Amino acid sequence: MSIIFYLVLWYNLNVMQNVLITGAAGFLGSHLCDRFIKEGFRVIGMDNLITGDMKNIEHLFPLPQFEFYHHDVTKFVHIPGKLDYILHFASPASPIDYLKIPIQTLKVGSLGTHNLLGLAKEKNARILIASTSEVYGDPLLHPQSEDYYGNVNTIGPRGVYDEAKRFMEAITMAYHRFHGLETRIVRIFNTYGPRMRLNDGRVIPAFIGQALRGEDLTVFGDGLQTRSFCYIDDQINGIYKLLMSEYSEPINIGNPEEITIKSFAQEIIEQTQKKVKIKYLPLPEGDPMKRKPDISKAKEILNWLPEIDRKKGIEKTIEYFKDFSDERLYQSDHRNFYANQ
Ligand code: UDP
């Protein structure tokens, strides 16, 4: 009986398609691991855990079709056996991270991407890389479509992330054109949901955490800057569809419903039903004034549209953070980083 079980398992693991996901312990990476497991893949997760959290993937450890490598992709990446797909999602992703670990941010987008493209070429695998709306910088075109070249400050505090991601796109297209590699590029706009780091400094976990602790919400600047927030499940659907499509140029995936940060703070106060106020702090340097994706390409080429509205998505996210112990809710991490500058 048990021999048959192991033979079936061995057979399945050998015929299953293999996918490598870097940044597997992160917010997007861990949701991608879940999705690919659900789709019947064998998933190899990789993370160096500088911003990722093992809690995000611990539920996958008992599964024989999941494997984890604690590895930094800026160093040579070796995976034994066949590999069908690679998704490169390893990167710090919060503006405070870019200030605290700028060199690692640059290296994972440049050296890390180079290593993974090399691995994809060696394995004849299709690779999807995680680019960002930040390639548009503080955009002069609104909403942002894929043919806009952007308005990026190379030497500002966000330059380390923006330029790493721009280099990432350039080298990916070079491998596609020169080596004929199967490549996909997703430009991810602000995405949120369960498993974001509570105190990583980004606006959604920051506001929800503050409200749950009964603290005032810190709005930066006059709060009239805008963002467009996409729920994680929609984002993962878009990425999955792009990977399986035949399209090799960049595609925006995000929710075009735009809101000012000030109105968003008011929404969070209403939805958490906490008696807290808004507190204004200085706008961090290089903070883009507006951001909204033009998703016509995703709609037309991938037949993708976001389905979860902000109210519903925020409700699910609040539910997730509500379950945190006080210890986690009050952990320092990046809390009040800007306020203490
Ligand atoms: N923001 C804010 N208060 C906070 C954190 C962020 O007002 O406690 C603002 C920030 O200045 C920016 C927007 O919210 O205008 C989104 O910031 P986030 O760091 O989430 O992502 P970004 O889109 O800037 O990369």
Side-chain angles (χ1 to χ4, degrees), residues 26-28 51 91-100 102 105 109 130-139 142-144 150-153 156-165 187-193 196-213 215-232 235 252-269 272 276-293 310 313-314 317 321 332-341:
F27 167 51
L28 290 166
T51 57
S91 178
S94 143
I96 299 181
D97 289 335
Y98 318 151
L99 297 174
K100 288 192 164 179
T105 305
S131 185
T132 167
S133 56
E134 283 281 321
V135 298
Y136 303 122
D138 192 1
H142 198 67
Q144 295 79 55
N151 178 37
V152 173
N153 176 1
R158 287 174 182 248
V160 294
Y161 183 68
D162 302 4
E163 291 303 327
K165 294 291 186 180
R187 288 189 181 150
I188 299 170
F189 281 66
N190 295 66
T191 299
Y192 70 98
M196 289 189 95
R197 262 156 69 210
L198 180 62
N199 294 311
D200 80 350
R202 279 182 294 175
V203 69
I204 292 189
F207 284 177
I208 296 179
Q210 287 162 345
L212 294 181
R213 290 188 298 263
E215 298 167 1
D216 290 344
L217 271 51
T218 53
V219 167
F220 298 157
D222 57 11
L224 296 182
Q225 69 273 33
T226 69
R227 294 295 186 272
S228 309
F229 298 111
C230 181
Y231 189 65
I232 182 70
Q235 183 64 246
N252 290 340
I253 298 287
N255 189 323
E257 208 182 300
E258 190 182 9
I259 184 169
T260 66
I261 294 301
K262 186 179 164 181
S263 310
F264 182 59
Q266 278 149 357
E267 277 188 9
I268 297 286
I269 294 174
T272 52
V276 293
K277 293 196 280 299
I278 289 177
K279 168 167 109 186
Y280 290 90
L281 292 179
L283 190 70
E285 189 189 335
D287 200 296
M289 278 318 292
K290 47 187 181 296
R291 199 182 277 154
K292 168 182 168 147
R310 200 172 48 244
I314 290 293
T317 312
F321 286 123
S332 62
D333 200 351
H334 290 340
R335 254 178 88 198
N336 300 326
F337 177 85
Y338 290 118
N340 297 330
Q341 286 293 288

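When a ligand or atom number is given, it counts from 1 through the structure's own listing order. Just so it is clear, the values below take in all heavy atoms, side chains as well, and ignore hydrogens, waters and symmetry mates. All values reported here derive from a predicted model rather than from experimental measurement.
Distances below 4.0 Å separate heavy atoms of A206 from the following atoms of ligand 1: 8 (O). Atoms of ligand 1 lying under 4.0 Å from any heavy atom of G201, numbered from 1 in the order shown and given with element: 5 (C). Close approach of ligand 1 to V219 is summarised as follows: ligand atoms under 4.0 Å from at least one heavy atom of the residue are 7 (O).
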>> Let's go through L217 and Q266 carefully: what are the C-alpha distance in whole Å and the side-chain angles of both, what is the deciding distance for side-chain contact (heavy atoms from CB on, under 4.5 Å) to 0.1 Å, and is it a yes or a no?
In response: CA-CA 9 Å; L217 271 51; Q266 278 149 357; over 6 Å; no
>> Set out, in order, the CA-CA distance, both residues' side-chain angles and the distance that settles side-chain contact (heavy atoms from CB on, under 4.5 Å) for K292 and T226, then state yes or no.
In response: CA-CA 8 Å; K292 168 182 168 147; T226 69; 5.8 Å; no
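Distance CD/E258 to CZ/R227: 10.0 Å, rounded to 0.5 Å. Rounded to the nearest 0.5 angstrom, K277 NZ and Q210 CD are separated by 13.5 Å.
Residue N190 places at least one N or O, backbone or side chain, under 3.5 Å from an N or O of ligand 1. When only interatomic distances are considered, the shortest N/O to N/O separation between P95 and ligand 1 does not fall below 3.5 Å.
The shortest heavy-atom distance from F207 to ligand 1 is under 4.0 Å.
Just one of F207, Y231, Y192, F229 meets the side chain to side chain contact (heavy atoms under 4.5 Å, CB included) condition when paired with I314; it is Y192.
When the heavy atoms of Q225, R202, R158 are ranked by distance to atom 25 (O) of ligand 1, first place goes to R158. Across I261, L217, D287, heavy-atom proximity to atom 10 (C) of ligand 1 is greatest for D287.
The aromatic rings of Y98 and Y161 lie parallel to each other, their planes meeting at an angle below 30°, with 60° marking the opposite boundary.
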